[in-house]
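Worth saying up front: this structure is predicted, and the values here are computed from it rather than measured. Quick note: numbers below take in every heavy atom, side chains included, and nothing from hydrogens, waters or symmetry partners.
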Amino acid sequence: MNESASTPQEHMTEEKVREALSRVLDPELGKDLVSLGMIKDVSVDGSKVSFSLVLTTPACPLKSQLEQSARHAVLSLPGVKEVIMNVTSSVVGRRIPEAEALLPGVKNIVAVASGKGGVGKSTVAVNIAVALAETGARVGLLDADIYGPTIPLLMGVNKQPEVRDGKLIPVFHDGIHLMSLGFLLSDSSPVIWRGPLVAGAVKQLLGDVRWGELDYLIVDLPPGTGDAQLTLAQSVPLTGVVIVMTPQDVALVIASKALAMFRKMNVPVLGVVENMSYFICPECGKRSDIFNHGGGMEVSKKLGVSFLGEVPLESSICVDGDEGTPTVSSHPNSPQAEAFKNIACATAAQISMLAFRVT
């Protein structure tokens, strides 16, 4: 027997484990897990290897793929018989000095916008927020559509926020920290404000609210591309914006204008959502493109942004909104809920890619 020979276990080191994991790439971020800082706490005990995989968001759409690839890479090492992998997450944020000063505990401020009203923007914003919260992310939802604040209705909340030490405390409901002008006004109060007053009101809803530590603050913006929306978007330090549209040709033109407005202000466009995209007959299961189809995909291709997904035209989404029970939580296994969840994950992925691209 060759006395110089060593067992494979004796040659196994933490460095070799890291080297193996450095060959596993995150397909979206385009870098390996080690250089991205996603591998922590590596330890070797004979034939057993332990480490933590720290995802950039709990809503990572490639979670299963990354777990499988990381496990396979380590098990492929000679002598390794057991892999213990602890999967956690730490949301990354795009560094914006203005946002850090205004909201020091909030990692990402994400606007949901549309070129016109009536496209389901607020419904999309609510369900994205609920879907992100269900993954374990810390989520806030700000109703900045002060001309027609609908978040209280859509979330089924009607209560006055508390005030502590001169700061408003968000209403906590369904795992989300909520704030809306609708909490502070009576149902019959008209909101007739010009652009600068709108921006000032939203700044107060941001700066005068104790949001705490959040991974994502979803901001439901007013629809349109007028002076008020322009002033408002310039006043809020945004990580990025999601554009909501419907499939019609006219919606394509309007959504393109909204997208161009944000680009002009150097606000990254995270992607496009096509709402009321198609209808599935409950009797025969046949799909019908009632309002045309593919407008969202066409906008995204034409303007070089991501297509985040499409939401079917489904009456239960409207009923859920009227009853204050978001579809993602009230019908979690439905096709429409899955659509919202996929859009939320795609949005989170775009934020992660943007953060690493900037850094």
Side-chain angles (χ1 to χ4, degrees), residues 93 96-114 117 121-126 128-130 132-133 138-224 226-242 262 265 267 324:
I96 305 175
E98 297 85 357
E100 293 174 359
L102 184 64
L103 298 167
V106 178
K107 292 184 177 180
N108 295 288
I109 306 175
V110 182
V112 179
S114 63
K121 168 185 57 63
S122 296
T123 297
V124 171
V126 163
I128 286 177
V130 174
L132 288 173
R138 299 168 299 178
V139 180
L141 176 59
L142 171 61
D143 189 353
D145 188 354
I146 67 172
Y147 295 122
T150 56
I151 297 302
L153 172 65
L154 295 173
M155 291 295 297
V157 179
N158 183 21
K159 62 184 295 187
Q160 287 270 339
E162 296 181 30
V163 179
R164 297 178 196 164
D165 300 324
K167 293 275 189 178
L168 288 167
I169 306 301
V171 176
F172 188 71
H173 179 76
D174 224 2
I176 301 173
H177 300 269
L178 303 169
M179 184 53 62
S180 169
L181 193 66
F183 294 148
L184 308 174
L185 297 174
S186 67
D187 292 341
S188 59
S189 299
V191 182
I192 309 172
W193 291 348
R194 295 186 182 275
L197 292 177
V198 172
V202 173
K203 275 191 172 181
Q204 282 190 296
L205 289 175
L206 287 167
D208 291 349
V209 174
R210 186 161 296 165
W211 288 103
E213 300 290 327
L214 297 178
D215 296 316
Y216 305 101
L217 176 58
I218 308 299
V219 182
D220 182 26
L221 290 180
D227 289 341
Q229 290 75 22
L230 184 65
T231 303
L232 181 58
Q234 289 175 325
S235 303
V236 181
L238 299 173
T239 300
V241 61
V242 172
F262 285 102
M265 295 182 295
V267 176

If you round to the nearest 0.5 Å, how far is CZ of R210 from CG of D165?
-> 5.0 Å
Heavy atoms of G207 and K167 approach each other most closely as O-NZ, 2.5 Å
How long is the span from the CG atom in N158 to the NE2 atom in H173, to the nearest 0.5 Å?
-> 11.5 Å
With a 4.5 Å limit on heavy-atom distance, are the side chains of V163 and I169 in contact?
-> no
Find out whether L181 and D143 are in side-chain contact, i.e. whether some heavy atom of one side chain is under 4.5 Å from a heavy atom of the other.
-> no
Is any side-chain heavy atom of V126 closer than 4.5 Å to a side-chain heavy atom of I151?
-> yes
To the nearest 0.5 angstrom, please state how far the CG atom of L221 sits from the OG atom of S114.
-> 9.0 Å
Residue pair L205 / W211: nearest heavy atoms and the distance that separates them | O-NE1, 3.3 Å
So do the side chains of F172 and L178 get within less than 4.5 Å of each other, counting heavy atoms only?
-> no
Between H177 and V139, is there a donor-acceptor pair closer than 3.5 Å when you use the side chain of the first and the backbone of the second?
-> no
So, for S122 and D220, which heavy atoms are closest and what is the spacing to 0.1 Å?
-> OG-OD2, 2.6 Å
Looking at side-chain heavy atoms only, is the closest gap between L168 and F183 below 4.5 Å?
-> no
Expected output: side-chain D215 to main-chain R138 donor-acceptor under 3.5 Å = yes
Side-chain touch L214/K107, heavy atoms, less than 4.5 angstrom | no
Distance col, row Y216:OH vs L132:CG, nearest 0.5 angstrom, shows 6.0 Å
State, to 0.1 Å, how close K121 and P223 come at their nearest heavy-atom pair, and which atoms those are.
-> CE-N, 3.9 Å
Where do A125 and L141 come nearest, in terms of heavy atoms and distance?
-> O-CD1, 4.4 Å
Is any side-chain heavy atom of I218 closer than 4.5 Å to a side-chain heavy atom of V112?
-> yes
Which heavy atom of I109 sits nearest a heavy atom of P237, and at what distance?
-> CD1-O, 3.3 Å
Does any non-hydrogen side-chain atom of L238 lie less than 4.5 Å from one of V110?
-> no
